[in-house]
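Just so we're on the same page: letters track the sequence lines, and every chain starts at 1. Predicted, not measured: the structure shown is a model, and the values here were computed from it. As a basis for the values below, the full set of heavy atoms in this structure was taken, side chains included, without hydrogen atoms, waters or symmetry mates.
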Amino acid sequence: MEKYSVELKPKEEKKEQKLPPLEKAEKGKVVMRFAPNPNGPPTLGSARGIVVNDEYCKIYDGKFILRFDDTDPRTKRPLLEAYEWYLEDCEWLNAKPDEVVYASKRIPIYYEYCERLLEMEKAYPCFCSREEFKKFRDTGEECPHRNIPAEDALEIWEKMLNGEFEEGQVVIRIKTDMKHKDPAIRDWVAFRIIYEDHPLVGDEFCVWPTLDFESAIEDHLLGITHIIRGKDLRDSELRQRYIYRYFGWDYPITKHWGKVSIHEFGRLSTSELRREIEAGNYEGWDDPRLPTIRALRRRGFRPEAIRNFILSLGVGENDVSVSVKNLYAENRKLIDPIANRYFFVWDPVKIKIEGLEEEVEVKIPLNPTKGGFRVLKGMRDIYICREDFERFEEGDLVRLKDFCNVRLVDKENAVFEFEGFELKDVKKGKNIIHWLPTEGVVECHVLGIERNYEGLAEKNSLNDLGNVVQFERFAFCRLESFDDKLRAIYTHP
RNA sequence: GCUCCGGUGGUGUAGCCCGGCCAAUCAUACCGGCCUUUCGAGCCGGUGACCCGGGUUCAAAUCCCGGCCGGAGCACCA
């Protein structure tokens with residue numbers, strides 16, 4: 001009995017720093033933020049922003065802010081439920097923000113700063129169409145509106161706010177340098193007119209700041225010291241620095257990482273996922289095949305595994321393309337010592353064991369490191385996987401794991417012959433298979449990644465409802481619910 | 001096209017700023033072995049990389065130049 005009760009060795013956590021030191025970071029003074037647009041649930045991609053920023057805050061005793069950059073009610077319209085999802089998932093990832101900010105609720109603040117810029121003649125209302133302005137930008141010429149005097153500019157701004165212009169008729173641009181060597185930086189748009197209800201603040205506003213403007217102001221107001229984000233926002237820094245210069249502010253220290261793509265999931269774009277779901281290709285945002293945090297949680301991943309996986313990607317600027325197997329490995333380290341083992345027989349075939357005198361009680365270890373047992377009834381009629389059954393030929397000796405040895409004598413009728421309880425002859429290898437009696441089992445459906453599985457599982461496993469278990473020789477699965485049958489979700493091998 | 005960034009084993013990563021201790025770290029994958037019972041788990045071991053060419057130097061993955069390859073931005077999206 002004690003041969004299974006090996007003591008649980010707590011895999012000691014190496015306290016090594018998982019991230020490179022942050023430039024000019026002082027303990028206790030670091031303020032960082034993760035600033036998503038909540039137009040869908042957090043994905044593994046968002047988790048990178050959450051985890052890396054949070055991890056640095058933890059390392060430096062800093063402050064972690066979650067800021068919703070939700071200032072576009074149309075093109076990347078926020079999803080009302082998603083605000084809550086971000087809060088939930090951050091907390092689940094052990095990255096509870098110290099402060100939460102909603103940009104859409106702070107629009108008047110951005111207006112004030114815009115007015116100051118207009119007064120300083122560092123911003124101007126521009127009536128060029130996109131196409132017209134593109135020409136100026138490409139040639140490096142100033143557009144005719146660039147030198148509108150402050151008073152007139154302010155007047156136009158007032159009219160914008162009052163809804164006296166059509167959408168697209170006028171925008172506010174920040175003066176940079178029309179000769180800037182990178183055309184992307186030249187006089188960028190800070191405010192535009194959009195007549196559309198915002199999911200959070202309704203129709204209160206019709207003049208909306210762009211991300212570059214809103215983010216620039218907020219980062220300063222919030223006292224952000226370090227920004228780490230995707231390299232797609234690299235030029236933002238160059239644009240925003242103009243505002244910082246005009247106001248005499250210091251720009252935070254920045255770092256940018258490349259794109260992550262996961263072999264099995266592809267690029268992690270929220271908009272794409274949304275399209276797929278709306279097209280009915282997935283059941284919802286928590287469909288286990290999806291790379292959303294809620295799907296991963298549903299599958300039974302540990303938040304620590306996700307953190308470790310993300311941190312292992314580092315913060316380099318080159319794009320990474322990694323396999324989920326790395327995530328699986330991280331999770332396995334955490335759950336292997338605690339997940340109870342059970343038998344799950346998919347595509348079951350009923351076989352008969354001839355010559356088995358009486359039913360026996362079979363004790364099987366619950367977990368090799370933790371110890372404990374579960375009991376199955378060893379009887380004449382049992383189930384095994386069709387996959388296994390098909391492999392065998394008459395005369396083959398098979399070990400029913402922890403039960404007995406049997407020999408296939410009549411494949412046609414699925415009859416085996418009892419050979420003894422002793423573990424001998426078949427001590428290892430593919431001929432040790434798992435099995436299930438005809439009593440003490442429940443129907444089980446496993447929602448898989450590539451395919452789903454129908455079969456039978458030990459009734460014992462009901463004790464682990466809600467937990468992740470290992471179905472031996474199958475995979476780790478999370479037992480989600482039990483109604484007419486046990487419903488499990490495939491976690492990973 | 002213009003601007004910027006990056007290239008370390010199959011994959012990801014450390015090292016590069018401040019050249020030598022790097023015949024290059026760690027993980028994953030793969031292969032092999034082990035296990036009185038998961039060969040789809042676990043344990044142990046092994047294979048495997050500095051994009052190319054020049055230069056500087058006693059010494060270069062690390063510094064410089066050129067090339068090649070990859071990526072990002074150039075939206076009234078974030």
Would you indicate what A:Glu131 reaches in the nucleic acid, counting non-hydrogen atoms under 4.0 angstrom: base, sugar-phosphate, or nothing? nothing
Taking the nucleotide of RNA chain B with the closest heavy atom to each, which residue, A:Pro493 or A:Arg48, is nearer the 5' end? A:Arg48
A:Arg478: what forms a side chain to side chain donor-acceptor pair (under 3.5 Å) with it, not counting sequence neighbours? none
N/O to N/O distances under 3.5 Å, protein versus nucleotides 73-76 of chain B:
unit_1: B:G73; atom_1: O2'; unit_2: A:Asp235; atom_2: OD2; d: 2.5
unit_1: B:G73; atom_1: N2; unit_2: A:Asp182; atom_2: OD1; d: 3.4
unit_1: B:A75; atom_1: OP2; unit_2: A:Arg137; atom_2: NH2; d: 2.7
unit_1: B:A75; atom_1: O5'; unit_2: A:Arg137; atom_2: NH2; d: 3.1
unit_1: B:C76; atom_1: N3; unit_2: A:Gly168; atom_2: O; d: 3.4
unit_1: B:C76; atom_1: N4; unit_2: A:Gly168; atom_2: O; d: 2.8

Atom CG of A:Leu313 and atom P of B:C26: how far apart are they, to the nearest Å? 19 Å
Is any side-chain nitrogen or oxygen of A:Lys259 closer than 4.0 Å to OP1 or OP2 of B:A72? yes
How does RNA chain B read in dot-bracket, base by base from 5' to 3', with Watson-Crick or G-U pairs under 3.5 Å and | used when the partner is on another strand? (((((((..(((.......[.....))).(((((.......)))))....(((((..]....))))))))))))....
When rounded to whole Å, the CZ to C1' distance for the pair A:Arg241 and B:C4 reads 14 Å
Sub-3.5 Å pairs of nitrogen or oxygen atoms, protein against nucleotides 28-35 of chain B:
unit_1: B:U28; atom_1: O4'; unit_2: A:Asn326; atom_2: OD1; d: 3.4
unit_1: B:U28; atom_1: O2'; unit_2: A:Asn326; atom_2: OD1; d: 3.3

More than 12 foreign heavy atoms under 6.0 Å from CZ of A:Arg302: is that the case here? no
Starting at the 5' end of RNA chain B and moving along, which residue's nearest nucleotide shows up first, A:Arg473 or A:Phe403? A:Phe403
Restricting to side chain to side chain donor-acceptor pair (under 3.5 Å), what partner residues turn up for A:Trp285, sequence neighbours left out? none
With sequence neighbours excluded, residues passing salt bridge (charged side-chain N to carboxylate O under 4.0 Å, His left out) with A:Asp89: A:Arg294, A:Arg297
What's A:Lys401 touching, base or sugar-phosphate or nothing? Going by heavy atoms closer than 4.0 Å. base
Hey, does A:Ser236 reach any base, or is it just sugar-phosphate, or nothing, if we go heavy atoms under 4.0 Å? nothing
